[in-house]
Amino acid sequence: MDGFTKLGLSSWLIEQCKQLGIRKPSPVQESCIPPIMEGRDCMGCAKTGSGKTAAFVLPVLQKLSEDPFGIYCLVLTPTRELAYQIAEQFRVLGKPLGLKDCIIVGGMDMIAQALELARKPHVVIATPGRLADHIRSSNTFSMKRIKFLVLDEADRLLEQGCTDFTQDLKVILGAIPAQRQTLLFSATLTDTLQELKSIAMNKPFFWESTSEVRTVEELDQRYILVPEKVKDAYLVHLIQTFQDEHEDWSIIIFTNTCKNCQILNMMLREFSFPSIPLHSMMKQKQRFAALARFKSSNYKILIATDVAARGLDIPTVQVVINHNTPGLPKIYIHRVGRTARAGRHGMAITLVTQYDIHLVHAVEEQINMKLQEYPVKEKDVLQILTQVNVTRRECEIKLECTDFDEKKEINKRKQLILEGKDPDLEAKRRAELEKIRKQKKKFKEHIQEAIEKKHDAQMRRRLKKKQLRQEKKAAKAQLTSD
Ligand SMILES: Nc1ncnc2c1ncn2[C@@H]1O[C@H](COP(=O)(O)OP(=O)(O)OP(=O)(O)O)[C@@H](O)[C@H]1O
């Protein structure tokens, strides 16, 4: 019997899988689909690119086909791009059903979304913030009958990172029935296990891939130890080498901030590399367009912040370069997982400065293997060093002339308004906190100074006493000798 038939999937669904090149279930699918079909909650922790999306899409579609209604399933995911990607899998696999899906993410027209929600789609794929906004502001749709709640990248949805989803999740959980099946998936579930268990309330089936190493075997993981000031020259050299040595190549470069992302992109363009940026300060339409152009190989290099670190499935990516060493091993695992997907080979190269060595050790400990050094001819890098650094500086100046920082400030204010805070009050509060912090610091310094003065005086007294004692001793010795 066919692998998927054994798992209880209908022939129409198996036929759809074949169209996506999915012929035989991957381990996470083989293990998680049967308990989901039996009605159990499920937590699946499997390596990046191992087919977790189909592990929940397939059983949801199977069950939906047996009793179709809307809204049947809600999928939550941390990024907008990921929501579109998941929707696409639902759409392709669910085509014979005439599946109606609806994507609810920030940065897109809210009224159009509200109308779509009112049309009772079978599946809603959403980022938590925007869906919570709809729940708060509209009564034109109901999620009271949903059968499935899926949290993709579940650990990210629960952690309190730079985007904190916890308040929005509360609103969403309050709007859906307690009687439901909850499915949680990620490549890194373990540190949020307890919180996740409280969301999947019905003794969830838990599956984790057994391999010791937490990244895929097909991934060649390298590092280059570079002084901070030479990092960009190494980056340019690496890209030049890939361009020279490969016909068909595609690279994702991860960096730490939106500004850096923008500057690196400008710099690489100056060197005529086909690069395109992706970060959260871009308009949503630009973000989608950037990703589409990269996917269709119009641009061979995507320079991204961690907004692209999780979930994105772009089979052509052969190399991931970490321009900065990720602060958390978990982020490293997701970033490098953008290559070597579904059994393909890939390489990840992390640029490590003298300040990041401890971060690499933390990564190695988590993934259970050592990164290997990537050999580079230093002489070649030094040849381009001045040119690269000058170009970077020019790009920085160009960016300063735009309103990039101002936009960042405006975005911050917008975010505060969305969180229900008054940006001016918030600025005042921050200024006051800063004042208190400065006062505290001054007070501490004052005390420290007083302690040091006291200590100095004590020392001086002790020294004087010692000196006197020595003088007395010397005088005594003089007397006896006389
Ligand atoms: N059984 C299968 N056989 C072959 N390819 C598969 C199978 N299942 C899924 N795929 C393909 O593997 C790729 C990766 O799948 P998917 O995006 O679901 O990975 P993931 O486990 O969710 O990764 P990540 O943790 O990075 O989100 C997709 O292109 C998908 O079509």
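Each ligand, and each atom within it, is numbered from 1 in the order the structure gives.
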Could you pull out every N or O of ligand 1 that sits under 3.5 Å from a protein N or O, with the distance for each pair?
| unit_1 | atom_1 | unit_2 | atom_2 | d |
| --- | --- | --- | --- | --- |
| ligand 1 | 1 (N) | Lys24 | O | 2.8 |
| ligand 1 | 1 (N) | Ser26 | N | 3.4 |
| ligand 1 | 1 (N) | Gln29 | OE1 | 3.0 |
| ligand 1 | 8 (N) | Gln29 | NE2 | 2.8 |
| ligand 1 | 17 (O) | Arg341 | NH2 | 3.0 |
| ligand 1 | 18 (O) | Lys52 | N | 3.4 |
| ligand 1 | 18 (O) | Thr53 | N | 3.0 |
| ligand 1 | 18 (O) | Thr53 | OG1 | 2.7 |
| ligand 1 | 19 (O) | Gly51 | N | 3.4 |
| ligand 1 | 19 (O) | Arg341 | NH2 | 3.3 |
| ligand 1 | 21 (O) | Ser50 | N | 3.1 |
| ligand 1 | 21 (O) | Gly51 | N | 3.2 |
| ligand 1 | 21 (O) | Lys52 | N | 3.0 |
| ligand 1 | 21 (O) | Lys52 | NZ | 2.8 |
| ligand 1 | 22 (O) | Thr53 | OG1 | 3.4 |
| ligand 1 | 23 (O) | Gly49 | N | 2.8 |
| ligand 1 | 23 (O) | Arg341 | NH2 | 3.1 |
| ligand 1 | 25 (O) | Lys52 | NZ | 2.7 |
| ligand 1 | 26 (O) | Arg338 | NH1 | 3.0 |
| ligand 1 | 26 (O) | Arg338 | NH2 | 2.9 |
| ligand 1 | 26 (O) | Arg341 | NH1 | 2.8 |
| ligand 1 | 26 (O) | Arg341 | NH2 | 3.3 |
| ligand 1 | 27 (O) | Glu153 | OE2 | 3.4 |
| ligand 1 | 29 (O) | Asp313 | OD2 | 2.5 |

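Tyr332 and Gln221 share a side-chain donor-acceptor pair at under 3.5 Å.
Remark: Glu159 engages Lys330 in a salt bridge, criterion side-chain N to carboxylate O under 4.0 Å.
Residue pairs meeting the side-chain hydrogen bond (donor to acceptor under 3.5 Å, both in side chains) criterion with at least one partner in residues 334-353, sequence neighbours excluded, are Thr188-His334, Asp306-Arg335, Arg310-His334, Asp313-Arg341, Asn322-Arg335, Asn322-Thr350, Asn324-Arg335, Thr353-Asp356. Applying the side-chain hydrogen bond (donor to acceptor under 3.5 Å, both in side chains) rule to pairs touching residues 47-58 yields Lys47-Ser211, sequence neighbours excluded.
Residues satisfying the ring pair (Phe, Tyr, Trp, His ring centres under 6.0 Å) criterion with Phe271, sequence neighbours excluded, are absent altogether.
Two rings, from Tyr223 and Tyr374, have their centers 6.0 Å or more apart.
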